[in-house]
Amino acid sequence: MEKASLKPGAEKVLVALSGGSSSRAMLQLLYEYNREEPHKKSKKQVFKSVEVCFIDESTIVGGEKDTVENVLQMAQKLNYNIMRIPLEDIFSPDYTTSGIYDNVIKISTDGVHRKPSQELFHSIQQQSENTSNRDKLKALLDGASKTTVKEDFYCFLKLSLLLQYAQRKDCTRLFLGDSSTRLAIKTISLTSKGRGFSLPLEIAGETQWFGDTKIMRPMKDMLSKEIGLYNQFLHLDSVFIPSLTTMLPPKASIERLTEDFIVGLERDYPSTVSTVARTAAKLKPSELMQDEKCIICLMPRQPNTKSWQDRFTVANTNSAAYTSMPTCSSSFSDGCCNVTSSECSKPVKRANTDISDLLCYGCRVNMRDVGDVTFPPYVAEKVNEQRQEELRRQIEVFLLSDDEEEQGEIGKEVHIQKR
Amino acid sequence: MSLKVKLSFSGGMELLFNNNKSAEVKIPASINPPNPTNMQDLIFWIRDNLLKERPGLFISENTVRPGILVLINETDWELEGELDYEIKDGDDIVFISTLHGG
């Protein structure tokens, strides 16, 4: 961790604690690092305060009864505030930017199921109150048939929760417990999943991509083996959190297979992990990265991934031909808006438009595997934000032209009056 | 003659052993006579006698699966000769899975 970049005593930190060995060790190290030491000259703590957040997945993956209690105690022993957020709370309006947004987004494919190129229709609707958040989460995960996709969703939901919570608590830093081993695995698995564009952010020791909250990975230079030994010798008990791939064979998901691969290589060639992790650490975020976030994973998306994907995949020619202009709202240059405005508004069905443009490549690939699913409010909110942004841009054009027209008409009127 | 050994499993390993985190076991001093019992023998012995599920998640290529940390009396087993280490009476052997989700 670069101490230089820290203003002592000014920042609040949120630690993401899963209870597993890596985050357990991270919490301990942070505690040691941040402790007020009487013999030091400056008695200021490095961080103003430390919040701990535990995302409870037990409703989905199960686990032992006392797991939650054990995790809460880990933080309480160090006198830290700990907040337990059940993963299904992602469906609660509390975890949206505005804090009150209560609509969900239903995404459905255009009938051609599991084709490489497809339009994704969506409708934003009021959440039904009859189903519990837990069932909604289950439905979302069950909507994906591949474990890889499920794991991805898992990851995004967790990150989204953590970021929202960090913002609510005014934490300027979010600590994630990715170890060097995990980052090496992520490097390979994210690349295979088509997330190379956002890769530099997802493995960076420090990133500002999420604005006010800096994500940091203090454990990035430690091997999982070192962490295991550290915990063993300090008698730090970590809990075991089952994951989606627990007890499954290595080929259950890309993530799992990559883990097997990297860890296996590490045994025979002991510097594999650090070589991969250090090589990946040299990656710099692309300059093409703008403010455009994928609505699901919140990572940067490249514009035009869709047309790009269309070009190299064999798809139904019909759908490929029409995808470039799914609705009038997508762009002005595609000729639709040359017609008069009354005709133009007809084909636009705002409730059911194609949102595949708002997804990054990785998420688009994932959506191939998904039927009809309902995403939590934060996604719906993002869609709304982006649509409004788009609308504003369009209105700007109109405003300009309106002004000109008005001026012209006034000019005419004046002319007539003069005559 | 038999050896008393303390075995511990953590990090998800316990799932393979019916959620038992530790076990005190007695193993023959020489599983493969005339050689004294070494780690290799112990690992197979665990597989045959203690393991409840999925041997593939414990053993691969005649040794423990990569990603599983083995400590012999609080020392990394790589320093003790790994599979060739000869088990002594009263040894404390710990298996820790560092893999995601065990």
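Heavy-atom basis, side chains included; hydrogens, waters and symmetry copies ignored. Everything numeric in this text was worked out from a predicted model, so none of it was measured. We name chains A, B, ... by the order of the sequence lines, and we start the count at 1 in each one.
- Residues from residues 22-52 of chain B never place a non-hydrogen atom less than 4.5 Å from a non-hydrogen atom of chain A.
- If you measure heavy-atom distances from A/L229 to chain B, the contacts under 4.5 Å come from both the backbone and the side chain.
- At a threshold of 4.5 Å between non-hydrogen side-chain atoms, the residues B/D76 and A/K225 count as touching.
- The 12-atom threshold is exceeded at CZ of A/F233, counting heavy atoms of other residues, nucleotides or ligands nearer than 6.0 Å.
- Separating the CD1 atom in B/I96 from the CD atom in A/Q232 is a distance of 4.0 Å, to the nearest 0.5 Å.
- Contact annotation: the side chain of B/R65 approaches that of A/D260 to within less than 4.5 Å [non-hydrogen atoms, C-beta and beyond].
- Distance check, rounded to the nearest 0.5 Å: CD1 of A/I227 to CG of B/L69 gives 11.0 Å.
- Taking a 6.0 Å sphere around CD of B/E61, one finds it holds 12 or fewer heavy atoms contributed by other residues, nucleotides or ligands.
- Heavy-atom neighbours of B/K88 NZ from other residues, nucleotides or ligands within 6.0 Å: above the threshold of 12.
- The shortest side-chain heavy-atom distance between B/S60 and A/R267 falls under the 4.5 Å cut-off.
- Closest approach of B/L57 and A/M247 over heavy atoms only: CD1-CA, 3.6 Å.
- Inspection of non-hydrogen atoms places A/R182 of residues 179-195 of chain A under 4.5 Å from chain B.
- Across B/R54, B/E78, B/E14, the residue that shares the most heavy-atom pairs under 4.5 angstrom with chain A is B/R54.
- In this structure, the portions of A/S224 lying under 4.5 Å from any heavy atom of chain B include both its backbone and its side chain.
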